[in-house]
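Before any comments, here is the structure.
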Amino acid sequence: MKKIKKQSALVTGSAIRLGKDIALSLAENGYDIAIHCNSSVTVAEETAEEIRGLGSKCAIFQHDLRETNGMKKMMKQVLVLFPRLSVLVNSASAYTQASIMNTTPEVFDQQFDVNIRAPFFMSQAFVKVVGRGNIINIIDNKVGFNQFQYAAYLLAKKSLVDFTKMAALEFAPKVRVNAVAPGVVLPAKTRSKEYIEWRKQSIPLRKQGASKNITDAILSLLKNDFISGQMLVVDGAENIAQVGKNASEFDQSKV
């Protein structure tokens with residue numbers, strides 16, 4: 001792929017996991033990187049060294065995303081070090097499994113604070129301070145389902161889908177806003193091999209995705225300047241594979 005013209009990107013939650021892979025991919029494609037982290041400072045330093053090893057400038061910005069008051073100040077600090085800042089990737093996420101009946105107010109607030117409130121105000125700060133470029137929101141292919149087992153998490157992510165559309169309209173024409181919704185790409189370390197194999201059965205392509213599938217989608221959205229307000233689902237068609245029961249599949253021998 002042809003390298004994108006040198007710019008800078010701020011990636012939230014980019015010390016570890018998918019956020020880290022996104023930051024590394026952008027660095028490989030010519031971006032200087034502002035790493036955001038909360039508590040993972042030591043790991044962030046290791047990620048920063050990897051990015052610098054790719055020939056890109058990198059700095060770490062620590063901030064608790066539940067504290068919205070400091071976001072504009074942080075964005076200004078990023079812009080001072082990275083005057084060509086043109087991309088914000090809202091990758092930081094909180095994930096707690098809890099049904100509606102099992103969700104406590106504390107869990108609810110945490111899920112909404114990190115998964116919709118933070119990207120809402122980070123995007124606001126980006127537009128106020130930078131005023132041009134691209135915002136990419138990382139969502140989840142689960143937004144296509146109503147899995148009540150993840151009630152607060154999914155409600156927050158579903159809200160992020162609508163926010164992406166709203167922001168694309170309000171921030172146009174100087175800022176484009178899009179989203180990427182990963183499927184089974186980086187499951188939690190607690191997930192067993194048996195679980196992954198079981199999940200693959202609901203994916204039409206019958207395979208697990210990789211971080212590169214997500215980072216390639218992000219690069220594609222950044223490159224195409226006529227796309228805004230869209231969510232690109234990268235999940236092997238899992239989100240469209242929900243087929244309702246019908247008469248043609250009913251075993252008449254059981255009647």
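Each residue takes its place number in the sequence, starting with 1. As the structure is a computational prediction, the values presented were derived from the model and not from experiment.
- Taking the side chain as every heavy atom from C-beta outward, K200 and E197 approach each other to under 4.5 Å.
- Residues A181 and N141 share a closest heavy-atom pair of CB-N, 3.8 Å.
- Grouping the Ile, Leu, Val, Met, Phe, Trp and Tyr side chains by contacts below 4.5 angstrom, directly or via other members, places L88 with I139.
- Shown here for F171 and S123, the closest heavy-atom pair between the two residues is CE1-CB, 4.2 Å.
- Looking at heavy atoms from C-beta onward, L54 lies in side-chain contact with L24 at the 4.5 angstrom threshold.
- By the neighbour-count criterion of 12 heavy atoms within 6.0 Å, atom CZ of F148 is sparsely surrounded, having that number or fewer from other residues, nucleotides or ligands.
- In terms of modelled atom types and a separation under 3.5 Å, the side chain of H63 and the main chain of H36 share no donor-acceptor contact.
- We find that R66 and D64 are joined by a salt bridge, their nearest charged nitrogen and carboxylate oxygen being less than 4.0 Å apart.
- Under the 30°/60° scheme for interplanar angles, the aromatic rings of Y195 and W198 are found to be tilted.
- Closest non-hydrogen pair, T47 versus A15, comes out as OG1-O, 2.8 Å.
- Looking only at side-chain heavy atoms (C-beta outward), C58 and E50 stay at 4.5 Å or farther from each other.
- Remark: side-chain polar atoms of T103 are not paired, donor with acceptor, to backbone N or O of A152 under 3.5 angstrom.
- Heavy-atom neighbours of E170 CD from other residues, nucleotides or ligands within 6.0 Å: at or below the threshold of 12.
- The pair R84-D32 does not meet the salt-bridge criterion, since no charged nitrogen lies less than 4.0 angstrom from a carboxylate oxygen.
- Residues Y153 and L65 are members of one and the same hydrophobic cluster, defined by side-chain heavy-atom contacts under 4.5 angstrom among Ile, Leu, Val, Met, Phe, Trp and Tyr.
- In this structure, the side chain of E46 does not engage the main chain of A44 through any donor-acceptor pair within 3.5 Å.
- Taking 4.5 Å as the limit, some side-chain heavy atom of T96 sits within range of a side-chain heavy atom of Q111.
- Atom NZ of K72 is surrounded by 12 or fewer heavy atoms from other residues, nucleotides or ligands within 6.0 Å.
- Side-chain atoms of S91 never come within 3.5 Å of backbone atoms of I138 as a donor-acceptor pair (strictly under, hydrogens ignored).
- Within 6.0 Å of NZ on K158 lie more than 12 heavy atoms contributed by other residues, nucleotides or ligands.
- Between L81 and F61, some side-chain heavy-atom pair lies under the 4.5 Å cut-off.
- Here the side chains of V184 and D235 are not in contact, with every heavy-atom distance at 4.5 Å or above.
- Taking 4.5 Å as the limit, every side-chain heavy atom of S8 sits out of range of all side-chain heavy atoms of V87.
- In this structure, L79 is not a member of the same hydrophobic cluster as I35, with clusters built from ILVMFWY side-chain heavy atoms closer than 4.5 Å.
- In this structure the side chain of L85 reaches within 4.5 angstrom of the side chain of M75, judged on heavy atoms.
- The backbone N or O of V185 sits less than 3.5 Å from a side-chain atom of Q208, completing a donor-acceptor pair.
- The same ILVMFWY cluster, assembled from side-chain heavy atoms under 4.5 Å apart, contains both M122 and F112.
- Judged by a 6.0 Å distance limit and a 45° cone about the ring axis, K57 is positioned over the six-membered ring of F82.
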